[in-house]
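See structure below.
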Amino acid sequence: MDAPSWCAIVLCGAPDDRSVGVDLHYARGLPPGRPTGIHVPPGAHFVRVIGPADVSGVFLDVAEGQAKALVWDKECETFHEAKEDDDEANRYVQAAKSGKLPLAPCDQTRCDTWTRLVSRVDQALLDRIAPVGGTICASLEPDPFQNHKSKAELQLDQQLERNPRKEENEDACSSGGGRCFYTPVERLVKRKNKDADASELTESNLNRWGQLLRIVEKHYQGNPLCLLGEFQFSFVAFLLGQSILSFFHWRDIVTLVLNCDPITMDEKHRLFLEEFLRALHWQLHLALEEGSGADTNGLFEGGFMEELLEGSFIRSAVAAFVEMVADAPPELSRVADAAGKIKQLLKSALGWDFSITSLDNDDEFAPTVVRL
């Protein structure tokens, strides 16, 4: 096998009583105690383990010509990236590179879909926002529902029932797993001082472009594509890792960006907006469309994803954004086209009516209007 035309992930000590997923590939009953390898495209990947009570997962970035090993931690019941001085894992990596360890092929269609989902996730982003120890596990996250009480989200809490061994796992694995270090995104632009003009505050919430710009400048040195990577990371952590906090962060980024008027953006951020809309379309397609190639272990069976989206935020956000760009100038035609594809996907998959008059006006994610 010729480097750098390939890369691989090697799973060391995979449990025989768990289901293991690598990206959109899914396997049950891997050979116990023996290393298992899989060909993967270069870039970011997500390995998850589905147990009887919860799901744990870890992101890793694999470069061309590289093989990386994940080692099963029996105490914490999750995979961790092998340490540099792990001789056994290093032997398996060398066996993968030399061809002595057989590697399972990856399905090209699923690989192409996966590459689109994580196109902006890289090692720098993983170092920045992944949990301490790398493990994403909903049962180790703080209770996310103190300030989130919508019906669909409370149903999500019931469906992702907390692991009965939570306290035991927290004691054994206190250094791994828990909250991701996401960039803070305020749901509303708040009054900065008592002399702030009420009309300016209203305008800031109707068009959150200023807030987006401040976040990108403060946390990502002016590069909005880094925020796009965080958006992709949080979606995968929710969809495949069942992280509820990641769903909330994904939702907050969607709400923020779809409340930005592109006519006020500079060219760099308009290009970001186009790529963001394409990424959102792929995410929704994966979550909603049959035959998408994803195996989410039955989490979204019975129309649950549709109910979650219906009951929270995205319908009104997409409708308002499509209305905003309906008469956009020619330089925003690609933005309008991308938004129209999202609208059409939701309309065909869910039968939603996107006329503004059909939407619920009592929307907790709608912009704040200050009465003068």
Side-chain angles (χ1 to χ4, degrees), residues 1-16 18-51 55-74 76-119 121-123 125-127 130-131 133-137 176 232-233 236-237 239-241 293-297:
M1 143 182 342
D2 298 325
S5 61
W6 68 282
C7 54
I9 295 174
V10 179
L11 306 179
C12 303
D16 60 347
R18 306 292 175 91
S19 300
V20 178
V22 178
D23 303 338
L24 302 180
H25 300 81
Y26 189 68
R28 295 174 173 86
L30 294 178
R34 291 192 293 171
T36 301
I38 182 172
H39 279 289
V40 291
H45 299 277
F46 188 72
V47 178
R48 67 196 189 280
V49 180
I50 299 95
V55 174
S56 65
V58 58
F59 273 98
L60 71 162
D61 186 70
V62 186
E64 286 192 6
Q66 185 180 34
K68 281 192 174 182
L70 294 177
V71 178
W72 178 250
D73 187 324
K74 294 181 180 179
C76 296
E77 298 188 345
T78 189
F79 280 108
H80 293 301
E81 192 166 341
K83 297 179 180 179
E84 292 184 2
D85 59 356
D86 190 326
D87 293 337
E88 183 179 21
N90 288 333
R91 286 198 302 271
Y92 292 144
V93 166
Q94 292 304 317
K97 289 183 176 181
S98 66
K100 295 179 180 179
L101 176 65
L103 299 177
C106 61
D107 179 270
Q108 190 60 50
T109 299
R110 292 186 180 187
C111 286
D112 291 344
T113 300
W114 177 258
T115 300
R116 293 186 183 99
L117 287 176
V118 295
S119 60
V121 179
D122 56 20
Q123 188 62 55
L125 181 73
L126 300 183
D127 292 340
T135 302
I136 296 171
C137 184
Q232 294 175 332
F233 177 105
V236 172
L239 185 74
L240 300 182
D295 190 333
T296 55
N297 200 37

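Model, not experiment: these values are computed from the prediction.
Applying the side chain to side chain contact (heavy atoms under 4.5 Å, CB included) test to Val62 and every residue at least two apart in sequence or in another chain returns Cys7, Ile9, His45, Leu60, Gln66, Lys68. Shown here are the ring-ring contact (aromatic ring centres under 6.0 Å, His included) partners of Phe59, two or more places apart in sequence or in another chain: Phe46, Phe233. Scored by the side chain to side chain donor-acceptor pair (under 3.5 Å) test, Asp112 finds Gln108 as partners (sequence neighbours excluded). Residues that satisfy the side chain to side chain contact (heavy atoms under 4.5 Å, CB included) test with Lys83, not counting sequence neighbours, are Asp85. Applying the side chain to side chain donor-acceptor pair (under 3.5 Å) criterion to Gln123, with sequence neighbours excluded, gives Asp127.
Annotation: side chain of Glu81 is not in contact with side chain of Val58 (no heavy-atom distance under 4.5 Å). At least one side-chain heavy atom of Val118 sits less than 4.5 Å from a side-chain heavy atom of Val236. Using a 4.5 Å heavy-atom threshold, the side chains of Phe79 and Arg48 count as separate. For the pair Gln232 and Val121, the minimum side-chain heavy-atom distance is below 4.5 Å.
Screening Thr135, Asp73, Thr78 for a side-chain hydrogen bond (donor to acceptor under 3.5 Å, both in side chains) with Ser56, the sole residue that qualifies is Thr78.
At least one donor-acceptor pair under 3.5 Å links the side chain of Trp114 to the backbone N or O of Ala44. Between the side chain of Asn90 and the backbone N or O of Asp86 there is at least one donor-acceptor pair closer than 3.5 Å.
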Walk me through it: do Cys12 and Val10 pass the test side chain to side chain contact (heavy atoms under 4.5 Å, CB included)? CA-CA 6 Å; Cys12 303; Val10 179; 4.1 Å; yes
